[in-house]
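From a predicted model like this one, the values you see are computed outputs, not experimental measurements.
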Amino acid sequence: PVKYIILTHGHGDHTGGIKLWKGEGTQVIAQKEFAEFQHYQTRLRGFFAKRNAAQFPRLAQAGGAAPLVGDAASPGNYAADIAATILFDETYSFDLGGLTFQIFHTPGETPDHLTVWIPQLKAAFCGDNYYTSFPNLYTLRGTEQRRALDYVNSLNKVLDLKPEILLPSHGEALHGNAEITKHLTQYRDAIFYVHDETVRGLNDGKDVYTLMHEIKLPPALDVGEGYGTIAWSVRGIYEGYIGWFDGNPATMFETPPAAIYPDLVKMAGGPEAVAAKAEELRQAGQLQEALHMADAALAADPRNLTALKARLAAFEALRAKSRNSNESGWLEFGMADTKKRLQAAEEFSGTKK
């Protein structure tokens, strides 16, 4: 019989198997922030269903992220089913099978994140606070602030244990304290570096886009960007500290910048001229600029074929060179959305063969 289930944190890929493993008398252990984190995810489940379907398209195709509508999307503020039967604050421990399981609160990936330590084996289960990429300090599917300094402090807790085995939730285990110390120290220092450079830029009065461009990891701290990226993390830290207002009084009102796109497009010669510029930028390899230009043209003429084709081609080119799984998911979402819009526009104009 399964005596205990320990949840390193409340993300669905770590809680979805509870019903398969839980039997009569099984205790489910989680950190006390788990309850609020489950309420938060349930509160926004309609939003997350759509975002997850975009970011993880293969999961959506398998039926794992269907959008919710109507009342199902707004279940209430405290409507989550809390599966945990034991909620602890900072530490919890129990003995089973001749082993001691010591559990520590180590926030990072989520506020309820924990680490499991088995002293007899010198083994630490670190959940999602370490994997082989810069962490998702901000994830494109949307998240509450993930505090960089929480990651740093939690990684220090694990380092202080001097583990001989490190078992992350995703990826291979690391063996030997020297190897573990090397990887965790590099990981911790990379997070610390991005945090401190962002804070320095904030205090120097730099805007978030400047810092997203400027801040790069030095070679000794390059842990890869296969899942999280430096630029997203910089913006997550920046806006996590000070919020959305950028200091320009024009942006404090409810009218978005895109509201004047149609007027600018008209002044620039009309949607076709702007769409042609988008295609010119795409051909020149200025793919991000091409997307912005195409969006301006489409604000004035949502069925502009030149703009839609330039937008699709820019997404395809960005996808071809993407090595980040989350970025790739959103680019594929953009491609699928644009293809749908292009097909509808061609049918409307009678140009579809």
Novice: Check Ala300 against Val265 and note the closest heavy-atom contact, atom names and distance.
Specialist: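 Smallest heavy-atom distance, with atoms named: CB-CG1, 3.8 Å.
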
Novice: Check the orientation of His14 and His170. Use parallel for under 30°, tilted for 30 to 60°, and perpendicular for over 60°.
Specialist: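 Ring orientation of His14 relative to His170: perpendicular.
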
Novice: So, Glu239 and Trp244: side-chain donor and acceptor under 3.5 Å apart, yes or no?
Specialist: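 Trp244 and Glu239 do not have a side-chain donor-acceptor pair below 3.5 Å.
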
Novice: Looking at Asn324 and Tyr227, would you say the former's side chain and the latter's main chain have a donor-acceptor pair under 3.5 Å?
Specialist: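 Answer holds: yes.
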
Novice: For the side chain of Glu164 and the backbone of Ala123, is there at least one donor-acceptor N/O pair under 3.5 Å apart?
Specialist: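 Side chain of Glu164 to backbone of Ala123, a donor-acceptor pair under 3.5 Å: no, none is there.
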
Novice: Thr210 and Asp207: side-chain donor and acceptor closer than 3.5 Å?
Specialist: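 Checked: Thr210/Asp207 side chains pair up, N/O donor to acceptor below 3.5 Å.
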
Novice: In a check of side chain to side chain contact (heavy atoms under 4.5 Å, CB included) between Tyr238 and each of Val199, Asp246, Leu211, which one passes?
Specialist: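 Output: one option passes, namely Leu211.
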
Novice: Roughly how far, to the nearest 0.5 Å, is the CG atom of Leu7 from the CD1 atom of Ile86?
Specialist: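 CG of Leu7 is found 11.0 Å from CD1 of Ile86.
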
Novice: Looking at every non-hydrogen atom in both residues, tell me the closest pair between Trp330 and Gln55 and how far apart they are.
Specialist: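 That would be NE1-OE1, 3.0 Å.
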
Novice: Examine the side chains of Thr306 and Glu272 and answer whether a donor and an acceptor come within less than 3.5 Å of each other.
Specialist: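 Distance-only check passes for Thr306 and Glu272.
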
Novice: Could you tell me the separation between the CD atom of Glu316 and the OG1 atom of Thr338, rounded to the nearest 0.5 Å?
Specialist: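 So the gap between those two atoms works out to 9.0 Å.
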
Novice: Do Phe104 and Leu184 share a hydrophobic cluster (ILVMFWY, side-chain heavy atoms under 4.5 Å, transitive)?
Specialist: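 Not linked; separate clusters.
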
Novice: Quick one: pull up CG in Leu149 and CG in Asn153 and give me the separation to the nearest 0.5 Å.
Specialist: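 Spacing of CG (Leu149) from CG (Asn153) equals 6.5 Å.
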
Novice: Under the 3.5 angstrom rule, does the side chain of Arg51 hit a backbone N or O of Leu140 as a donor-acceptor pair?
Specialist: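 Side chain of Arg51 to backbone of Leu140: a pair is present.
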
Novice: Is it true that His9 and Asp128 share a donor-acceptor pair across their side chains at a distance under 3.5 Å?
Specialist: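 Side chains of Asp128 and His9: pair found under 3.5 Å.
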
Novice: Is a side-chain N or O of Gln41 found less than 3.5 angstrom from the main chain of Gly10, in a donor-acceptor match?
Specialist: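 Yes: the side chain of Gln41 pairs with the backbone of Gly10.
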
Novice: List the steps and the verdict of ring-ring contact (aromatic ring centres under 6.0 Å, His included) for Phe94 and Tyr4.
Specialist: CA-CA 10 Å; Phe94 62 90; Tyr4 295 95; 3.9 Å; yes

Novice: With Arg43 as the cation and Tyr78 as the aromatic partner, state whether NZ or CZ is under 6.0 Å from the six-membered ring centre and within 45° of the axis.
Specialist: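 The answer is yes; both the distance and angle limits are met.
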
Novice: Is the shortest distance from a Lys or Arg side-chain nitrogen in Arg341 or Asp337 to a carboxylate oxygen in the other one below 4.0 Å?
Specialist: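 Counted as a salt bridge, because a side-chain N and a carboxylate O are separated by less than 4.0 Å.
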
Novice: So do the side chains of Val2 and Lys22 get within less than 4.5 Å of each other, counting heavy atoms only?
Specialist: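 With C-beta onward as the side chain, the pair stays apart.
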
Novice: Hydrogens and angles aside, do Arg188 and Asn156 bring a side-chain donor and acceptor to less than 3.5 Å of each other?
Specialist: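 Result is yes, a qualifying pair exists.
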
Novice: If only side-chain N and O atoms count, and only distance matters, is there a donor-acceptor pair under 3.5 Å linking Gln102 with Ser93?
Specialist: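 Short answer, no.
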
Novice: Report yes or no: does His105 contribute a side-chain atom to a donor-acceptor pair with the main-chain N or O of Phe88 at less than 3.5 Å?
Specialist: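 The answer is no, because no donor-acceptor pair under 3.5 Å joins these two groups.
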
Novice: Could you state the interatomic distance from OG (Ser154) to CG (Asp150), rounded to the nearest 0.5 Å?
Specialist: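 Those atoms lie 6.0 Å apart.
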
Novice: Going by the rule side-chain contact (heavy atoms from CB on, under 4.5 Å), which residues pair with His183 if we only count those two or more places apart in sequence or in a different chain?
Specialist: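 With sequence neighbours excluded, His183 shows a side-chain contact (heavy atoms from CB on, under 4.5 Å) to Tyr130, Leu174, Glu179, given in chain and number order.
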
Novice: Does a donor on one side chain and an acceptor on the other come within less than 3.5 Å for Thr110 and Asp112?
Specialist: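 Yes, side-chain donor-acceptor contact under 3.5 Å.
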
Novice: Between the main-chain N or O of Trp232 and the side-chain N or O of Thr229, is there a donor-acceptor pair closer than 3.5 Å?
Specialist: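 Here the side-chain-to-backbone pair exists.
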
Novice: Do the side chains of Ile29 and Ile5 get nearer than 4.5 Å, heavy atoms only?
Specialist: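 No; the side chains remain at least 4.5 Å from each other.
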
Novice: For Pro107 versus Pro111, what's the shortest heavy-atom pair and its separation?
Specialist: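 Distance-wise, the nearest heavy atoms are CB-O, 3.9 Å.
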
Novice: Got a sec: does the NZ of Lys157 have more than 12 other heavy atoms crowding it under 6.0 Å?
Specialist: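 Above 12, so yes.
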
Novice: Can you say whether the rings of His195 and Phe192 are parallel (under 30°), tilted (30 to 60°) or perpendicular (over 60°)?
Specialist: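 His195 and Phe192: tilted rings.
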
Novice: Please report the closest heavy-atom contact between Ile237 and Leu137, naming both atoms and the distance.
Specialist: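 In this case the closest contact between Ile237 and Leu137 is CD1-CD1, 3.9 Å.
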
Novice: Given 3.5 Å as the limit, does a donor-acceptor pair link the side chain of Glu225 with the main chain of Ile230, or not?
Specialist: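 Side chain of Glu225 to backbone of Ile230: a pair is present.
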
Novice: Nearest 0.5 Å please: distance from the OG1 atom of Thr198 over to the CE atom of Met212.
Specialist: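 Here the interatomic distance stands at 10.5 Å.
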
Novice: For Ala220, is there any backbone N or O sitting under 3.5 Å from a side-chain donor or acceptor partner on Gln186?
Specialist: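 Answer holds: yes.
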
Novice: Centre-to-centre under 6.0 Å for Phe34 and Phe37, is that the case here?
Specialist: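 No, they do not, as the ring centres are separated by 6.0 Å or more.
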
Novice: For the residue pair Tyr131 and Glu109, what are the closest heavy atoms and their distance?
Specialist: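 Nearest pair, atom of Tyr131 first, then Glu109: OH-OE1, 3.9 Å.
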
Novice: Does Glu144 reach the side chain of Tyr40, with side-chain heavy atoms less than 4.5 Å apart?
Specialist: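 Yes, at least one pair of side-chain atoms sits under 4.5 Å.
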
Novice: Tell me whether Lys309 is salt-bridged to Glu279, with the criterion being a basic N under 4.0 Å from an acidic carboxylate O.
Specialist: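 Answer for the salt bridge query: no.
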
Novice: For Leu121 and Ile165, which heavy atoms make the closest approach, and how far apart are they?
Specialist: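 Result for this residue pair: O-CD1, 4.0 Å.
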
Novice: Just by distance, do the side chain of Thr106 and the backbone of Thr115 share a donor-acceptor pair under 3.5 Å?
Specialist: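 Present.
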
Novice: Nearest 0.5 Å, please: how far is CD1 in Ile118 from CG in Leu161?
Specialist: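 Rounded to the nearest 0.5 Å, the CG-CD1 separation comes out at 12.0 Å.
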
Novice: Crowded around Gln288 CD? As in, over 12 foreign heavy atoms under 6.0 Å?
Specialist: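 Result for CD/Gln288: open.
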
Novice: Give a yes or no answer on whether the side chain of Asp204 reaches the backbone of Lys206 with a donor-acceptor pair at less than 3.5 Å.
Specialist: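 A pair under 3.5 Å: no.
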
